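Letters A, B, ... mirror the listed sequences (proteins, then strands); counts begin at 1. In this text the structure is predicted, and so the values were computed from the model without any measurement.
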Amino acid sequence: MRPVRVRMAPSPTGFTHVGNLRTAVFNWLWARKSGGVFIWRVEDTDRSRFIEAALHDFRDSLVWLGIEPDEGPFSGGDFGPYVQSERLDKYREAAERLLASGDAYRCFCPPREDGAGAADPTSGGEGGSTGHGGYDRRCRDLAPEVVTERLAQGAPFTIRLRMPLEGSLTLQDAIHGQLEWHAENFNDPIIMKSDGFPTYHLAVCVDDAAMEISHAIRADEWMGSSPYHIVINRALGIEPPTYVHVPMVLNPDGRGKLSKRKTVKYGVAASDDSSSPVGHGVAMVQAREFRAAGYLPEVMFNYLALLGWSYSGDEELFTPEQAIARFQLEDIHKSGARWDPEKLDWMNGHYIRALAVDDLAERIRPFLADAGFTPEDDAVLAGIAGLVRERITTLSEAPGWVEWLWREVEPTATDLVQPKLGVQGSAAGIAAAADGLAALEPWTAESIETVLRSLADSLGVKAGPLFGPIRVAVTGGGVAPPLFDSLALLDQAVVVARLRAAHALLADTEGLETVDGA
RNA sequence: GCCCCCAUCGUCUAGGGGACUAGGACGCCACCCUUUCAAGGUGGAAACCGGGGUUCGAAUCCCCGUGGGGGCACCA
């Protein structure tokens, strides 16, 4: 039983995708579960796609989620360097060995014309232009003299893996059990590019061996390239890691793997419901987007872990520690899981509601600052947290609920009038509230409530209809947090001034009387 | 097109031959609570892809269909 060492090996070509983060979570869980080591390796063998910022973004994402690597480009370790572009000598040496043993051969063919992503993206229809990867193995059996001659001429070449032509290859996957491929379907993949850089197949095998990786936990999309890895490992005398192909994270509609483009329309659709003062549900697939939107890291961890794994039959909210306690590789599912923005939102709201007010206050602080508000005292911040806690699903929604604290309000006459009271009644209520609150002392939610409730009694109206106009007068809109606590958070003078202004507005609006009947 | 993988409510899932009148969660619907909005409470609708087997007995095992996903680059 070799010690558990697992790795997350993303290529730094863009901002961290939550699908990748999910795979990282599984790796981390297994490392922690087994007392093993969680490693981050940078797969940057494609120089053309390298993006420096992606490195930092990935690091930040792991830190944010609380699954920091034990070894990696920023944390070091005894198996470095952890960046593939700094390990080229190792791949070259491996390639030489494969060449020498006949397990690989030089190929002088030019790059495919129809190349890569060059395929016309608009031709999306059927039976496409692209071929089906059939390299004809033209160089597989070149005479030694020919190879020597080409090399002497300085002809560029790649190195291809010599795959078996018959028989089959099998692999014991930790989740899927035995996997099998038949030789007639193989290709001879390039393992060394003409620029001297290895392709994924070679690099991953060499590095996993050098870093003594025990379990290669990777997404299902890699399953198909496993036979290449089997052959490379065998030829190099490597004891292969246990392969663990985890299910992919799919788009909400199940069509394809989770992607930005596809998700857009769901995000937009989800935000159509604008009953909340703050819109949300923008298309998101990047970790930093979720962070910016105000999803809690503990929620992301919890939600991500649930995609393709389940904690138990009837519990699905858990801490990392609890997840570690129950995690087993065999329990990871075989089929893909769709990304469900609604469930994520629910979970985020649920966790927020469970937060202590002071904790929530600190988490909201930066979002308020972004909206232009920096509470002068922590009591106000805590007050805000208390008001929004049961109303927000993401932290970024918080400012929208309490903007009236630092912005001028401009209620409309229409909004100020409560149908049951009419213009006169509404105006009278507002005026009475202003009078009643002007000299109130102390200025607390409790004292405000006492005043306003008795006001309703003395005016002979129900509390509900009376509070409506007052809320609109002070917060500017019909939807706001509970009245008394809201008023208490504002300066007493500001509240009274807003009530007076609203009263004046209604007093000027005789014409509105006609609205009453309706 | 070829290869590989997968298949329980709309979604995430529990289930690994009898404990299943198939459980939980999100979402949805209704009602309650209520000063708006929420939150909360109660109740409800909602699934074993189809067809063959194996077995006394199948959501659970096998086969075939069908459906879905992934792969087939000098990208990873």
Donor on one side chain, acceptor on other, A:Glu180 and A:Ser168, under 3.5 Å: yes
Between A:Thr45 and B:rA76, does any side-chain N or O lie under 4.0 Å from OP1 or OP2? yes
Could you tell me the separation between the CZ atom of A:Arg338 and the P atom of B:rU13, rounded to a whole number of Å? 11 Å
Under 4.0 Å between any heavy atoms, over every strand shown, what does A:Pro10 touch: base, sugar-phosphate, or nothing? Just pick one. nothing
For B:rU36, the Watson-Crick or wobble partner whose two distances fall under 3.5 Å: none
May I ask you to say what A:Glu221 touches in the nucleic acid, namely base, sugar-phosphate or nothing, with a heavy-atom cut-off under 4.0 Å? sugar-phosphate
Kindly say if A:Arg389 contacts the phosphate of B:rA39, meaning a side-chain N or O under 4.0 Å from OP1 or OP2. no
Calculate the interatomic distance between A:His333 atom NE2 and B:rU13 atom C1'; express it in whole Å. 7 Å
Below the 4.0 Å mark, does B:rC28 have OP1 or OP2 next to a side-chain nitrogen or oxygen of A:Lys343? no
Under 3.5 Å donor-acceptor pair, A:Ser194 side-chain atoms to B:rC74 base atoms: yes
Please determine, for B:rG27, whether a Watson-Crick or G-U wobble partner exists with both distances under 3.5 Å, and give it or none. none
Hey, can you tell me if A:Phe467 and A:Phe484 have their rings parallel, tilted or perpendicular (30° and 60° cut-offs)? perpendicular
Relative to the ring of A:His245, is the ring of A:Tyr243 parallel (under 30°), tilted (30 to 60°) or perpendicular (over 60°)? parallel
Would you kindly give the NZ-to-P distance between A:Lys462 and B:rU35, to the nearest whole Å? 9 Å
Touch check for A:Ala337, heavy atoms < 4.0 angstrom, all strands: base, sugar-phosphate only, or nothing? sugar-phosphate
Within less than 4.0 Å of OP1 or OP2 of B:rA73, is there a side-chain N or O belonging to A:Arg112? yes
Which part of the nucleic acid does A:Glu184 contact within heavy-atom distance under 4.0 Å: base, sugar-phosphate only, or nothing? nothing
Take A:Arg453 and A:Ser11, find for each the nucleotide of RNA chain B with the closest heavy atom, and name the residue whose nucleotide sits nearer the 5' end. A:Arg453
Counting only Watson-Crick pairs (N1-N3 plus N6-O4 or O6-N4) and G-U wobbles (N1-O2, O6-N3), all under 3.5 Å, who is the partner of B:rC9? none
B:rC49: pairing nucleotide in any strand, Watson-Crick or G-U under 3.5 angstrom: B:rG65
Out of B:rA76, B:rC5, B:rU35, which has the shortest distance to the side chain of A:Tyr200? B:rA76
In whole angstrom, what separates A:Trp346's CH2 from B:rU13's P? 15 Å
Taking only the side-chain nitrogens and oxygens of A:His182, find out if one of them lies under 4.0 Å from OP1 or OP2 of B:rC3. no
So A:Leu483, base contact, sugar-phosphate only, or nothing? Heavy-atom distance under 4.0 Å. base
Would you mind telling me which residue lines up with the more 5' stretch of RNA chain B, A:Phe157 or A:Leu250, judged by nearest nucleotide? A:Leu250
Take the protein atom CG of A:Leu466 and the nucleotide atom P of B:rU36, then report the distance between them rounded to whole Å. 13 Å
When you compare the side chains of A:Thr16 and A:Asp57, does any donor N or O come within less than 3.5 Å of an acceptor on the partner? yes
Over all strands shown, is A:Gly464 touching base, sugar-phosphate only, or nothing at heavy-atom distances under 4.0 angstrom? sugar-phosphate
Can you tell me if the side-chain N/O atoms of A:Arg49 get under 4.0 Å from OP1 or OP2 in B:rA76? no
Starting the side chain at C-beta, find the nucleotide from B:rG68, B:rC74, B:rC6 nearest to A:His176. B:rC6
Report the relative orientation of the aromatic rings in A:Trp222 and A:Tyr200; use parallel for angles under 30°, tilted for 30 to 60°, perpendicular for over 60°. parallel
Distance-only polar pair, side chains of A:Asn348 and A:Thr394, donor-acceptor under 3.5 Å: no
